[in-house]
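All values reported here derive from a predicted model rather than from experimental measurement.
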Amino acid sequence: MSASVSFKVASPRGEQSVTLSYTRRGSGEPLLLLHGIGHHRQAWEPVIPALAAERDVIAVDLPGCGESPALPDGMAHDLPTMSTVLTALCEALEIERPHVAGNSLGGLLALDLARTQRVRSVTALSPAGFWNDAERRYAFTVLATMRQIARRMPPPLVERLARPALGRTLLTSTIYARPGRRSPEAVVAETLALARAQGFSETLRSGRTVRFTHDIVGTPVTVAWGNRDRLLIPRQGVRAKGVIPGARLVRLPGCGHVPMNDDPALVARVLLDGSR
(Lines give C-alpha, C1' and ligand atoms only; values in the text may rest on other atoms or scores of the structure.)
Protein backbone atom coordinates (compact mmCIF):
# COMPACT_ATOMS: atom_id res chain seq x y z
CA MET A 1 0.00 0.00 0.00
CA SER A 2 1.39 3.39 -1.03
CA ALA A 3 0.12 6.30 1.05
CA SER A 4 1.04 9.48 2.88
CA VAL A 5 0.49 10.61 6.44
CA SER A 6 0.51 14.06 8.05
CA PHE A 7 1.28 14.72 11.70
CA LYS A 8 2.36 17.50 14.02
CA VAL A 9 5.97 17.99 15.14
CA ALA A 10 7.33 20.52 17.63
CA SER A 11 9.68 23.11 16.14
CA PRO A 12 11.26 26.44 17.15
CA ARG A 13 8.22 28.08 15.54
CA GLY A 14 5.72 25.94 17.39
CA GLU A 15 3.96 22.81 16.21
CA GLN A 16 4.16 22.32 12.46
CA SER A 17 2.61 19.79 10.12
CA VAL A 18 4.90 17.28 8.39
CA THR A 19 3.80 14.96 5.58
CA LEU A 20 5.68 11.80 4.61
CA SER A 21 4.99 9.28 1.85
CA TYR A 22 5.47 5.59 2.49
CA THR A 23 4.78 2.10 1.22
CA ARG A 24 3.51 -0.59 3.57
CA ARG A 25 3.42 -4.31 2.85
CA GLY A 26 3.39 -7.66 4.63
CA SER A 27 2.56 -8.71 8.16
CA GLY A 28 4.42 -9.50 11.33
CA GLU A 29 6.61 -7.32 13.51
CA PRO A 30 7.04 -3.80 12.09
CA LEU A 31 10.22 -3.03 10.13
CA LEU A 32 10.84 0.60 9.15
CA LEU A 33 13.15 1.13 6.14
CA LEU A 34 15.11 4.38 5.70
CA HIS A 35 16.97 5.25 2.49
CA GLY A 36 20.03 7.43 1.90
CA ILE A 37 20.42 11.10 1.00
CA GLY A 38 18.81 12.07 -2.29
CA HIS A 39 17.39 8.59 -2.79
CA HIS A 40 13.82 7.36 -2.35
CA ARG A 41 11.94 4.49 -0.79
CA GLN A 42 12.02 2.48 -4.03
CA ALA A 43 15.68 1.72 -3.28
CA TRP A 44 14.30 -1.04 -1.04
CA GLU A 45 12.09 -2.64 -3.69
CA PRO A 46 14.49 -5.53 -4.47
CA VAL A 47 14.28 -6.82 -0.88
CA ILE A 48 10.72 -5.92 0.12
CA PRO A 49 9.04 -9.11 -1.21
CA ALA A 50 11.29 -11.31 0.95
CA LEU A 51 10.94 -9.01 3.96
CA ALA A 52 7.16 -8.70 3.66
CA ALA A 53 6.79 -12.47 3.97
CA GLU A 54 7.88 -12.14 7.63
CA ARG A 55 7.55 -8.46 8.57
CA ASP A 56 5.14 -5.54 8.41
CA VAL A 57 7.40 -3.47 6.15
CA ILE A 58 7.14 0.34 6.06
CA ALA A 59 9.46 2.00 3.51
CA VAL A 60 9.35 5.77 3.90
CA ASP A 61 10.46 8.69 1.74
CA LEU A 62 12.52 10.89 4.07
CA PRO A 63 11.61 14.60 4.23
CA GLY A 64 12.48 16.38 1.00
CA CYS A 65 13.07 13.09 -0.84
CA GLY A 66 10.95 11.04 -3.21
CA GLU A 67 7.30 11.99 -2.83
CA SER A 68 7.74 13.57 0.62
CA PRO A 69 7.84 17.38 0.70
CA ALA A 70 10.66 19.19 2.47
CA LEU A 71 10.21 20.09 6.11
CA PRO A 72 8.37 23.35 6.83
CA ASP A 73 10.30 26.60 7.29
CA GLY A 74 11.98 26.70 10.65
CA MET A 75 12.65 22.96 10.76
CA ALA A 76 16.19 21.95 9.86
CA HIS A 77 17.04 18.86 7.83
CA ASP A 78 19.50 17.80 10.52
CA LEU A 79 19.96 14.65 12.59
CA PRO A 80 18.02 15.71 15.72
CA THR A 81 15.06 17.01 13.71
CA MET A 82 14.93 13.98 11.43
CA SER A 83 14.97 11.65 14.43
CA THR A 84 12.13 13.62 16.01
CA VAL A 85 10.15 13.45 12.77
CA LEU A 86 10.65 9.69 12.45
CA THR A 87 9.58 9.14 16.06
CA ALA A 88 6.43 11.16 15.35
CA LEU A 89 5.86 9.13 12.17
CA CYS A 90 5.87 5.89 14.15
CA GLU A 91 3.37 7.37 16.59
CA ALA A 92 1.14 8.54 13.72
CA LEU A 93 1.21 5.07 12.14
CA GLU A 94 0.74 3.42 15.55
CA ILE A 95 3.97 1.48 15.16
CA GLU A 96 5.23 0.63 18.63
CA ARG A 97 8.97 0.00 18.88
CA PRO A 98 9.65 -1.05 15.28
CA HIS A 99 12.71 -2.76 13.98
CA VAL A 100 14.56 -0.16 11.90
CA ALA A 101 16.91 -0.68 8.96
CA GLY A 102 18.65 2.08 7.08
CA ASN A 103 21.18 2.64 4.32
CA SER A 104 23.78 5.44 4.39
CA LEU A 105 22.00 8.48 5.89
CA GLY A 106 19.14 6.11 6.75
CA GLY A 107 21.59 3.91 8.64
CA LEU A 108 22.77 6.88 10.68
CA LEU A 109 19.16 7.81 11.43
CA ALA A 110 18.39 4.24 12.46
CA LEU A 111 21.31 4.21 14.88
CA ASP A 112 20.29 7.57 16.29
CA LEU A 113 16.77 6.26 16.90
CA ALA A 114 18.27 3.34 18.83
CA ARG A 115 19.74 5.78 21.37
CA THR A 116 16.19 6.57 22.48
CA GLN A 117 15.46 2.89 23.25
CA ARG A 118 12.30 3.21 21.15
CA VAL A 119 13.24 0.58 18.56
CA ARG A 120 13.46 -3.20 18.80
CA SER A 121 16.58 -3.56 16.68
CA VAL A 122 18.73 -1.70 14.16
CA THR A 123 20.35 -2.91 10.97
CA ALA A 124 22.55 -0.25 9.36
CA LEU A 125 23.85 -0.78 5.83
CA SER A 126 26.95 1.36 5.20
CA PRO A 127 25.76 3.97 7.71
CA ALA A 128 27.02 7.53 7.56
CA GLY A 129 28.83 9.06 10.51
CA PHE A 130 31.85 6.77 10.93
CA TRP A 131 34.14 8.70 8.60
CA ASN A 132 37.27 10.69 9.29
CA ASP A 133 37.51 14.22 7.90
CA ALA A 134 39.12 13.18 4.61
CA GLU A 135 36.61 10.39 4.02
CA ARG A 136 33.69 12.71 4.73
CA ARG A 137 35.00 15.39 2.37
CA TYR A 138 35.48 12.80 -0.36
CA ALA A 139 31.98 11.34 0.09
CA PHE A 140 30.31 14.76 0.19
CA THR A 141 32.19 15.88 -2.93
CA VAL A 142 31.06 12.78 -4.80
CA LEU A 143 27.46 13.23 -3.64
CA ALA A 144 27.40 16.92 -4.59
CA THR A 145 28.83 16.07 -8.02
CA MET A 146 26.24 13.33 -8.57
CA ARG A 147 23.51 15.78 -7.64
CA GLN A 148 24.86 18.47 -9.98
CA ILE A 149 25.06 16.06 -12.90
CA ALA A 150 21.54 14.73 -12.23
CA ARG A 151 20.12 18.26 -12.13
CA ARG A 152 21.76 19.25 -15.40
CA MET A 153 20.54 16.27 -17.42
CA PRO A 154 17.11 16.62 -19.06
CA PRO A 155 14.82 13.61 -18.44
CA PRO A 156 14.90 12.43 -22.10
CA LEU A 157 18.70 12.16 -21.88
CA VAL A 158 18.47 10.22 -18.61
CA GLU A 159 16.03 7.81 -20.27
CA ARG A 160 18.34 7.25 -23.26
CA LEU A 161 21.37 6.69 -21.04
CA ALA A 162 19.53 4.23 -18.80
CA ARG A 163 18.58 1.84 -21.61
CA PRO A 164 21.96 0.12 -22.15
CA ALA A 165 23.93 -1.45 -19.31
CA LEU A 166 26.86 0.87 -20.04
CA GLY A 167 24.66 3.91 -19.54
CA ARG A 168 23.30 2.55 -16.27
CA THR A 169 26.90 1.99 -15.18
CA LEU A 170 27.77 5.62 -15.96
CA LEU A 171 24.77 6.84 -13.99
CA THR A 172 24.92 4.60 -10.93
CA SER A 173 28.29 2.84 -10.55
CA THR A 174 29.16 5.08 -7.59
CA ILE A 175 26.45 3.47 -5.46
CA TYR A 176 25.98 0.03 -7.07
CA ALA A 177 28.68 -2.61 -7.53
CA ARG A 178 26.52 -4.29 -10.20
CA PRO A 179 24.71 -1.37 -11.89
CA GLY A 180 23.71 -3.47 -14.89
CA ARG A 181 21.30 -5.36 -12.62
CA ARG A 182 19.28 -2.19 -11.95
CA SER A 183 16.37 -1.82 -14.37
CA PRO A 184 16.36 1.16 -16.77
CA GLU A 185 13.11 2.39 -15.22
CA ALA A 186 14.58 2.28 -11.71
CA VAL A 187 17.72 4.14 -12.79
CA VAL A 188 15.65 6.86 -14.43
CA ALA A 189 13.45 7.20 -11.35
CA GLU A 190 16.31 7.44 -8.87
CA THR A 191 18.30 9.86 -11.05
CA LEU A 192 15.27 12.15 -11.21
CA ALA A 193 14.72 11.68 -7.47
CA LEU A 194 18.27 12.85 -6.82
CA ALA A 195 17.81 15.87 -9.07
CA ARG A 196 14.53 16.86 -7.41
CA ALA A 197 15.30 16.10 -3.75
CA GLN A 198 14.32 19.32 -1.99
CA GLY A 199 16.14 18.48 1.21
CA PHE A 200 19.44 17.44 -0.36
CA SER A 201 21.56 20.56 0.04
CA GLU A 202 20.52 21.35 3.60
CA THR A 203 20.92 17.72 4.66
CA LEU A 204 24.42 17.64 3.21
CA ARG A 205 25.36 20.91 4.90
CA SER A 206 24.08 19.72 8.26
CA GLY A 207 26.17 16.56 8.00
CA ARG A 208 29.51 18.33 7.92
CA THR A 209 29.98 18.07 11.67
CA VAL A 210 28.21 14.75 12.23
CA ARG A 211 29.97 11.75 13.66
CA PHE A 212 28.30 8.88 15.45
CA THR A 213 30.16 8.33 18.72
CA HIS A 214 27.53 6.72 20.96
CA ASP A 215 27.60 3.14 22.14
CA ILE A 216 24.20 1.44 21.95
CA VAL A 217 23.32 -0.85 24.82
CA GLY A 218 20.17 -2.91 25.21
CA THR A 219 19.16 -2.84 21.53
CA PRO A 220 20.45 -5.41 19.01
CA VAL A 221 22.58 -3.70 16.35
CA THR A 222 23.82 -5.09 13.06
CA VAL A 223 26.20 -3.08 10.88
CA ALA A 224 26.67 -4.43 7.34
CA TRP A 225 29.09 -3.11 4.73
CA GLY A 226 29.56 -3.93 1.06
CA ASN A 227 33.16 -4.78 0.27
CA ARG A 228 32.83 -2.79 -2.98
CA ASP A 229 31.41 0.36 -1.39
CA ARG A 230 33.03 3.24 -3.30
CA LEU A 231 31.35 6.04 -1.37
CA LEU A 232 31.81 5.14 2.31
CA ILE A 233 34.80 2.83 2.23
CA PRO A 234 34.52 -0.50 4.08
CA ARG A 235 37.08 0.26 6.79
CA GLN A 236 34.44 2.55 8.30
CA GLY A 237 32.61 -0.63 9.31
CA VAL A 238 35.54 -1.56 11.57
CA ARG A 239 35.34 1.93 13.05
CA ALA A 240 31.60 1.43 13.67
CA LYS A 241 32.33 -1.81 15.51
CA GLY A 242 34.79 0.08 17.69
CA VAL A 243 32.13 2.67 18.59
CA ILE A 244 29.43 0.02 19.18
CA PRO A 245 31.35 -3.01 20.50
CA GLY A 246 28.21 -5.09 20.90
CA ALA A 247 27.20 -4.68 17.26
CA ARG A 248 27.31 -7.57 14.84
CA LEU A 249 29.53 -6.59 11.87
CA VAL A 250 28.60 -8.30 8.60
CA ARG A 251 30.46 -8.12 5.30
CA LEU A 252 28.46 -8.05 2.07
CA PRO A 253 30.66 -9.60 -0.65
CA GLY A 254 30.21 -8.11 -4.12
CA CYS A 255 28.00 -5.27 -2.88
CA GLY A 256 28.36 -1.53 -3.21
CA HIS A 257 27.11 1.38 -1.16
CA VAL A 258 23.44 0.62 -1.85
CA PRO A 259 23.55 -3.18 -1.58
CA MET A 260 19.85 -4.01 -1.85
CA ASN A 261 19.99 -4.35 -5.65
CA ASP A 262 23.46 -5.90 -5.81
CA ASP A 263 22.48 -8.99 -3.80
CA PRO A 264 18.81 -8.88 -2.72
CA ALA A 265 18.79 -12.37 -1.21
CA LEU A 266 21.83 -11.71 0.99
CA VAL A 267 20.63 -8.29 2.12
CA ALA A 268 17.14 -9.56 2.89
CA ARG A 269 18.62 -12.34 5.01
CA VAL A 270 20.80 -9.87 6.89
CA LEU A 271 17.79 -7.63 7.54
CA LEU A 272 15.63 -10.51 8.73
CA ASP A 273 18.38 -11.93 10.94
CA GLY A 274 19.04 -8.48 12.37
CA SER A 275 15.37 -8.00 13.24
CA ARG A 276 14.80 -11.24 15.17
Side-chain angles (χ1 to χ4, degrees), residues 1-7 9 18-36 39-63 65-68 82-114 116-125 127 181-183 185-186 189-190 193 216 218-224 247-248 250 252 255 258-276:
M1 178 185 70
S2 181
S4 64
V5 61
S6 298
F7 47 90
V9 178
V18 173
T19 299
L20 295 182
S21 295
Y22 66 95
T23 299
R24 191 166 190 172
R25 293 186 226 169
S27 61
E29 294 183 351
L31 172 60
L32 181 65
L33 302 179
L34 308 174
H35 61 75
H39 221 150
H40 58 178
R41 65 181 189 264
Q42 287 82 357
W44 297 99
E45 284 294 333
V47 298
I48 285 179
L51 298 178
E54 301 186 36
R55 302 283 183 273
D56 173 14
V57 180
I58 306 99
V60 62
D61 281 331
L62 294 174
C65 295
E67 296 176 2
S68 292
M82 297 283 255
S83 294
T84 299
V85 167
L86 291 170
T87 299
L89 168 70
C90 291
E91 293 173 356
L93 295 179
E94 299 182 344
I95 305 168
E96 186 176 352
R97 296 190 71 242
H99 301 285
V100 184
N103 174 225
S104 195
L105 168 64
L108 172 62
L109 291 170
L111 291 168
D112 196 57
L113 286 172
T116 68
Q117 301 293 311
R118 293 181 182 175
V119 303
R120 304 185 196 196
S121 71
V122 168
T123 304
L125 309 177
R181 293 187 176 184
R182 199 72 171 138
S183 74
E185 296 78 13
E190 61 196 1
I216 296 173
T219 300
V221 175
T222 299
V223 175
R248 181 175 67 117
V250 178
L252 304 175
C255 291
V258 181
M260 296 83 82
N261 195 76
D262 287 328
D263 195 335
L266 172 61
V267 173
R269 177 46 50 197
V270 169
L271 294 177
L272 289 171
D273 287 346
S275 59
R276 297 294 179 196

Exercise for review: Please determine, by modelled atom types, if Asn261 and Arg181 share a side-chain donor-acceptor pair under 3.5 angstrom.
Suggested key: no
Can you tell me how far [atom2] of [Y] sits from [atom1] of [X], rounded to the nearest 0.5 angstrom?
X      : Y      : atom1 : atom2 : answer
Thr222 : Arg248 : OG1   : CZ    : 4.0 Å
Tyr22  : Leu93  : OH    : CG    : 5.0 Å
Leu20  : Ile58  : CG    : CD1   : 13.0 Å
Ile48  : Arg24  : CD1   : CZ    : 12.5 Å
Leu105 : His39  : CG    : NE2   : 12.5 Å
Thr123 : Asp273 : OG1   : CG    : 9.0 Å

Would you say the side-chain atoms of [X] pair up with the backbone N or O of [Y], donor to acceptor, closer than 3.5 Å?
X      : Y      : result
Ser121 : Gly274 : yes
Asn103 : Val258 : no
Ser68  : Asp61  : yes
Ser2   : Thr23  : no

Are side-chain heavy atoms of [X] and [Y] found at a separation under 4.5 Å?
X      : Y      : result
Leu33  : Leu51  : yes
Ile216 : Leu111 : yes
Arg41  : Ser21  : yes

Study note, to complete from the structure: In Arg120, Arg55, Glu29, the residue satisfying side-chain hydrogen bond (donor to acceptor under 3.5 Å, both in side chains) with Ser275 is Arg55
Practice item. Test Val122 against Leu113 for side chain to side chain contact (heavy atoms under 4.5 Å, CB included), laying out the working first. Key: CA-CA 9 Å; Val122 168; Leu113 286 172; 5.9 Å; no
Point to revise | NZ/NE/NH1/NH2 to OD/OE distance under 4.0 Å, Arg276 and Glu54 | key: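 So Arg276 pairs with Glu54 through a salt bridge.
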Review point. Going by an N to O cut-off under 4.0 Å, is there a salt bridge joining Arg25 and Glu45?
Key: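 Between Glu45 and Arg25 there is a salt bridge, with a charged N closer than 4.0 Å to a carboxylate O.
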Which pair of non-hydrogen atoms, one from [X] and one from [Y], has the smallest distance, and what is that distance?
X      : Y      : answer
Trp44  : Leu271 : CZ3-CD1, 3.9 Å
Asp263 : Cys255 : CB-SG, 3.7 Å
Ala50  : Leu272 : O-CD1, 4.2 Å
Leu32  : Cys90  : CD2-SG, 4.0 Å
Pro46  : Ala43  : CD-O, 3.4 Å
His35  : Leu62  : NE2-N, 3.0 Å

